[in-house]
Amino acid sequence: MRRFEDTYQHKGLRRQLGNLLREKGITDENVLEAIQNIPRHFFLDSAFDKIAYEDRAFPIGEGQTISQPYTVAYQSQLLQINKGDKVLEIGTGSIYQAAVLAEMQARVYTIERQKKLYDHNKNFVLRSRYPNIKFFYGDGFEGLPTYAPFDKIIITAAAPFIPPKLVAQLKIGGYMVIPVDDGDEKQRMLRITKVSENATKEESFEHFSFVPMLQGKNS
Ligand code: SAH
C-alpha cells in the first residue's frame, strides 16, 4: 500500500514551481495559490515523486498524460474562475486540473472517456478533500446536458473543432477554454465567450500540445 506524504521538501519544490509559473507570466494569484497548495506528487505514480514539481507533463497510464503545470495554470487563468462557478471539464485524466479548479472553489463536473482511468480515479486519495468535484464516465463531445448550463467549460485534450453541443451548454457570458488543432500537431488555445444565445466571440492565445480529444467512450 502506497503511503502519501507531503514533506517540507515537496512544499519547497512547490513554492519554486509557483515562482517559475510567475516568471513565465501567470499572474492570477488564486491560480498560483491553488498550485502551491496541491500535492501534485499525489496524482502521479510514486516513481515520479522527486520530479513531480518540474514544469513537465508525465504519463498517467492508458497512453494519457497529466498536463504540464504551466498549461494547467494558463487554462485556469483564462477561465477567470469566481468562487462557486459551475465548471465542466472534458478529460479528467489524473484529476490534477480538476483539483486546481476545486481548490479555487469552483464546482467541477469532469468527464473522462477511458473507463480504466475513470475507475482508477474512484480511489483518488484526495477525494474527500474535494467534495466539489463530480466524476463522470462519458464522451466529452456530448457534455452533460442534464447539468447544463455551465459558467465555464475547459477542454484538456486537443479538439479537432469547437464542439457545438458544448457551446450550447455554456451560459450566456460564460467562457470556454479549448485547445483546437492548428496543423503540425499543435493546438491554438482559444477562449470562446458566449455573447448571446446564438453568437460567440473568439480570442486566440499561445500554442500548446495535448493528447487528442477522441469521439465516443472507451471501455
Ligand atoms: N485534465 C487532465 C489532462 C489529461 S490528458 C489532467 O489534469 O491530468 C486528456 C484526457 O482527456 C485523457 O485522460 C483522455 O482520455 C481524455 N479524453 C480525450 N477525449 C475525451 C472525450 N471525448 N471525452 C472525455 N475525455 C476525453
Side-chain angles (χ1 to χ4, degrees), residues 17 21 31 34-35 37-45 48 51-79 81 87-104 106 108-127 130 133-145 147-148 150 152-167 169 176-181 185-187 189 208-219:
L17 175 61
L21 296 176
V31 171
I35 286 179
N37 283 343
I38 301 174
R40 187 172 187 248
H41 61 289
F42 283 19
F43 297 74
L44 293 164
D45 191 273
F48 299 103
I51 51 175
Y53 297 99
E54 291 180 11
D55 191 21
R56 289 170 52 187
F58 292 108
I60 54 169
E62 307 311 313
Q64 301 306 326
T65 53
I66 176 172
S67 300
Q68 187 181 339
Y70 176 66
T71 308
V72 172
Y74 197 93
Q75 287 196 282
S76 303
Q77 175 163 296
L78 284 181
L79 281 174
I81 295 295
V87 183
L88 174 64
E89 180 194 29
I90 311 304
T92 313
S94 69
I95 323 181
Y96 182 68
Q97 170 72 73
V100 169
L101 300 174
E103 191 80 24
M104 295 168 76
V108 185
Y109 294 72
T110 183
I111 313 180
E112 175 54 57
R113 70 178 287 281
Q114 296 251 15
K115 185 77 163 65
K116 280 198 184 138
L117 281 179
Y118 172 79
D119 286 340
H120 174 81
N121 284 340
K122 288 179 182 159
N123 302 319
F124 173 48
V125 63
L126 296 178
R127 220 164 160 146
Y130 298 116
I133 304 179
K134 299 209 174 349
F135 296 85
F136 298 85
Y137 166 54
D139 177 6
F141 281 96
E142 300 296 322
L144 291 173
Y147 297 88
F150 297 94
K152 312 278 163 69
I153 299 180
I154 174 174
I155 287 85
T156 68
F161 53 85
I162 297 165
K165 287 182 183 169
L166 297 185
V167 178
Q169 292 172 32
M176 177 189 304
V177 172
I178 178 169
V180 179
D181 282 333
E185 294 172 21
K186 287 271 180 197
Q187 295 85 47
M189 193 65 77
F208 289 88
S209 181
F210 285 83
V211 297
M213 180 177 183
L214 301 171
Q215 304 268 357
K217 289 190 281 190
N218 183 339
S219 55

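Atoms within each ligand, like the ligands themselves, are counted from 1 in listed order.
- Of the protein's heavy atoms, Thr156 O, 3.4 Å lies nearest to atom 9 (C) of ligand 1.
- Of the options Ala157, Gly140, Ala158, Ala98, the smallest heavy-atom separation from atom 21 (C) of ligand 1 is shown by Gly140.
- Residue contacts with ligand 1 include Thr92, since one of its heavy atoms falls under 4.0 Å from the ligand.
- For the pairing with Phe58, the ring pair (Phe, Tyr, Trp, His ring centres under 6.0 Å) check across Tyr53, Tyr96, Phe48 returns one residue only, Phe48.
- Shown in contact with Val211 at under 4.0 Å from a heavy atom are these atoms of ligand 1, numbered in order with element: 5 (S), 9 (C).
- Remark: ligand 1 atoms within the under-4.0 Å shell around heavy atoms of Thr65 are 3 (C), 4 (C), 5 (S), 8 (O).
- Numbered from 1 in the order shown, with element, the atoms of ligand 1 that lie under 4.0 Å from a heavy atom of Ile111 read 24 (C), 25 (N).
- Using a 4.0 angstrom heavy-atom cutoff, Pro212 counts as in contact with ligand 1.
- Of the protein's non-hydrogen atoms, Gln64 OE1, 3.2 Å is the one closest to atom 12 (C) of ligand 1.
- The nearest heavy-atom contact from the protein to atom 20 (C) of ligand 1 is Arg113 CD, 3.2 Å.
- Residue Met213 approaches ligand 1 through these ligand atoms, each under 4.0 Å from one of its heavy atoms: 18 (C), 19 (N), 22 (N).
- For the pair Lys165 and Phe141, the cation-pi test (distance below 6.0 Å, angle within 45°) is failed.
- Each of the atoms 13 (O) of ligand 1 lies under 4.0 Å from some heavy atom of Leu117.
- Among the atoms of Leu214, some N or O lies under 3.5 angstrom from an N or O of ligand 1.
- Heavy atoms only, all atoms of each residue included: Lys186 and Ser209 are closest at NZ-CB, 4.2 Å.
- At the shortest separation from atom 8 (O) of ligand 1 among protein heavy atoms lies Ser94 OG, 2.6 Å.
- Under the 4.0 Å criterion applied to side-chain N and carboxylate O atoms, Lys122 and Asp119 are assigned as salt-bridge partners.
- Under the 4.0 angstrom criterion for non-hydrogen atoms, Glu89 is in contact with ligand 1.
- Counting only non-hydrogen atoms, the option in Gln97, Glu62, Arg40, Gln68 that gets closest to atom 7 (O) of ligand 1 is Gln97.
- From the protein, the heavy atom lying nearest to atom 13 (O) of ligand 1 is Glu112 OE1, 2.7 Å.
- Heavy-atom minimum distance, Ile81 versus Ser76: CG1-O, 4.2 Å.
- In plain terms, the two heavy atoms of Ala158 and Asp181 that are nearest each other are CB-OD1, 3.7 Å.
- Atoms of ligand 1 found under 4.0 Å from any heavy atom of Gln114 (numbered from 1 in listed order, with element): 15 (O).
- Checked by distance only, ligand 1 and Gly91 come closer than 3.5 Å through their nitrogen or oxygen atoms.
- In this structure a side-chain-to-backbone donor-acceptor pair under 3.5 Å is present from Arg127 to Asn121.
- The distance from ligand 1 to the heavy atoms of Ile90 drops below 4.0 Å at these ligand atoms: 23 (N), 24 (C).
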